[in-house]
There are 2 protein chains.
Amino acid sequence: MRPQKIDDTALLARLIDVFRSKGYEGSSLNDLAASAGLKKASLYHRFPGGKEEIVTAVLEHTTTWGKTHIEETLADQTVPARQRLEKVIDNIDALYAQGTKTCLFRALSMDTGVPTLDSLIQIDMNNWVQAFKTFAQEIGFTSEVAHQKALQTLINIQGSLIITKGLNDTTIFKNTLHTIKYLYYPTL
Amino acid sequence: MRPQKIDDTALLARLIDVFRSKGYEGSSLNDLAASAGLKKASLYHRFPGGKEEIVTAVLEHTTTWGKTHIEETLADQTVPARQRLEKVIDNIDALYAQGTKTCLFRALSMDTGVPTLDSLIQIDMNNWVQAFKTFAQEIGFTSEVAHQKALQTLINIQGSLIITKGLNDTTIFKNTLHTIKYLYYPTL
DNA sequence: GTCTATAGCTAGATAGAC
DNA sequence: GTCTATCTAGCTATAGAC
C-alpha cells in the first residue's frame, strides 16, 4: 500500500479550517482537497461518502475535542476548581486562535440541506452547557443559576467571536474570555 | 411599461430572508428569485450587477433599518431614555422574529470572496456600537464603561442568537433580550 | 493511496421574445 | 418588466491508470 500524504488527524485539522472559514456551501471539494495538499479523487478515497461524510467527520472530531478539552478538563477532580476553569479558558483561546478563527458550529449552522448537521451541533452545544453547568454547581451555585451561567458562558464566547470578526478587533474576544472566570468567581 | 410583480421594499425583504438563512454561497440566484416569485432573468433586470449587487443592496437596506430603528430611536430626545431603550429592544426582537431568524451580518461574514461585504458589515456594527455607547453616556456612564456596555449588548444579541439556533430553544434569546436593559439600569 | 480524465449537473450570467 | 432559452464555468462525483 502506498503511504498517506497526510495522516488522518492532520487532514481533519485542515478540513476544519476550510469549513469554518467558508461554511458548508462555500467550501468546495477543490478547496478542501487543496488545503490538504490532495486532489478531489483522493478525498473521495478517504471519505467515500463525499462532502457529507467529510463534514460529519469534522464535527465528530470537534465533539471529541470538546470531550477532552472542555468536559473532562472541567470535571477533573484531581485539580483545583479555579485552575480547571482557567485551563479550559486557555483551551478555548487556542481553539479560536485568540479570536482570529471563527466557530465551526456557527459556520455550519446555516440552512445547508444536510439535516444531520443541526442535530450534531445541538448535541455538542448541549455537552458544553452541561459541562459548565456541572462545574458551576460543584462550586456552589444552584442548578438554575448554574444553568444560566453556563448559557452566558457560551453566549459570551460566540457573541464575542462574531463582534471580533465584524469589527476586526481581537481585543474584544480577549477581553470577553478574560471576564468569563468572574461569572463563576464574582468576588475575584 | 409593464407593472412590477413585487415592489422594491417587499423584494428586498424576501432577498434578506434567503441570505440570512442560507448565507451568501448557499443562496443561489434561483433560490433568491423563487422566494420573490420571479425568475432569474428578472432579478438581473432589477439588479444588473447580479449576486454582488443584490447582497450589497440587502446590506444597505439593513443599514437604513438600523439608522431608524436603533440609532434614531436611541437618540430621540423627545422620549424618556428608558422608554427609548425598551423600544429599541422591541425592534430587535421583531428584527430577529423572537430569535427564530438568524442575523444577516453573521450569515454574510464568512469568507465569501466578496471583499466589500466585510467593510459594509463593519460599518453597520460600528454604528450600532456607537448608538448604544452614546445612549449609555447620556444616562451617566463614562466613555469607557459606556463602550463596554455597548459591546456587551451586541455580544449578548449575537451570542444568544447562535445558542438559540444551536440548542433550538427560543427562550434563550427571549431571556437575553430581557436582561439587556439591566446592563443600562442595574438598579431595576 | 494518489492521480488524470471525465461524466452529469447546477451555478451565475446573457440574449432576445413578448 | 418578465419571461424562455442558452452559454460557460464550476460543482459533486466516478472510472480507471499508476
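In what follows, chains are A, B, ... by sequence order, proteins preceding strands, each numbered from 1. What you see is a predicted model; the values in this text were computed from it and never measured.
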Salt bridge (charged side-chain N to carboxylate O under 4.0 Å, His left out) contacts in which one or both residues fall within residues 9-29 of chain B, not counting sequence neighbours: B/Asp17-B/Arg20, B/Asp17-B/Lys101, B/Lys22-B/Asp31

How many Å lie between [atom1] on [X] and [atom2] on [N], as a whole number?
X: B/Phe47; N: C/dG12; atom1: CZ; atom2: C1'; value: 16 Å
X: A/Asp7; N: C/dG1; atom1: CG; atom2: P; value: 13 Å
X: A/Leu43; N: D/dT14; atom1: CG; atom2: P; value: 13 Å
X: A/Lys51; N: D/dT12; atom1: NZ; atom2: P; value: 4 Å

What pairs meet the side-chain hydrogen bond (donor to acceptor under 3.5 Å, both in side chains) rule with one or both residues in residues 117-128 of chain B, with sequence neighbours excluded? B/Thr63-B/Asp124

Under the side-chain hydrogen bond (donor to acceptor under 3.5 Å, both in side chains) definition, can you give me all pairs with a residue in residues 161-177 of chain A, not counting sequence neighbours? A/Asp169-A/Thr171

Check DNA chain C against residues 8-33 of chain A and give the residues with a non-hydrogen atom under 4.0 Å, in numerical order. none

Closest heavy-atom contact between B/Thr68 and B/Thr73? O-OG1, 2.8 Å

Once ring pair (Phe, Tyr, Trp, His ring centres under 6.0 Å) is applied, do any residues pair with [X], and if so which ones, sequence neighbours excluded?
X: A/Phe47; result: none
X: A/His61; result: none
X: A/His178; result: A/Tyr182
X: B/Phe135; result: B/Tyr184

End axis versus end axis in the helix from C/dG1-D/dC18 to C/dC18-D/dG1, the angle rounded to 10°, five pairs used at each terminus: 0°

All salt bridge (charged side-chain N to carboxylate O under 4.0 Å, His left out) counterparts of B/Glu86, not counting sequence neighbours: B/Arg82

Taking salt bridge (charged side-chain N to carboxylate O under 4.0 Å, His left out) as the test, write out the residues that go with A/Asp8, two or more places apart. A/Arg46

Contact list (N/O, under 3.5 angstrom) for nucleotides 2-5 of chain C vs protein:
| from | atom 1 | to | atom 2 | distance (Å) |
| --- | --- | --- | --- | --- |
| C/dT2 | OP1 | A/Lys5 | N | 2.7 |
| C/dT2 | OP1 | A/Arg46 | NH1 | 3.4 |
| C/dT2 | OP2 | A/Arg46 | NH1 | 3.2 |
| C/dC3 | OP1 | A/Lys5 | NZ | 2.9 |
| C/dC3 | OP2 | A/Lys39 | N | 2.9 |
| C/dC3 | OP2 | A/Ser42 | OG | 3.0 |

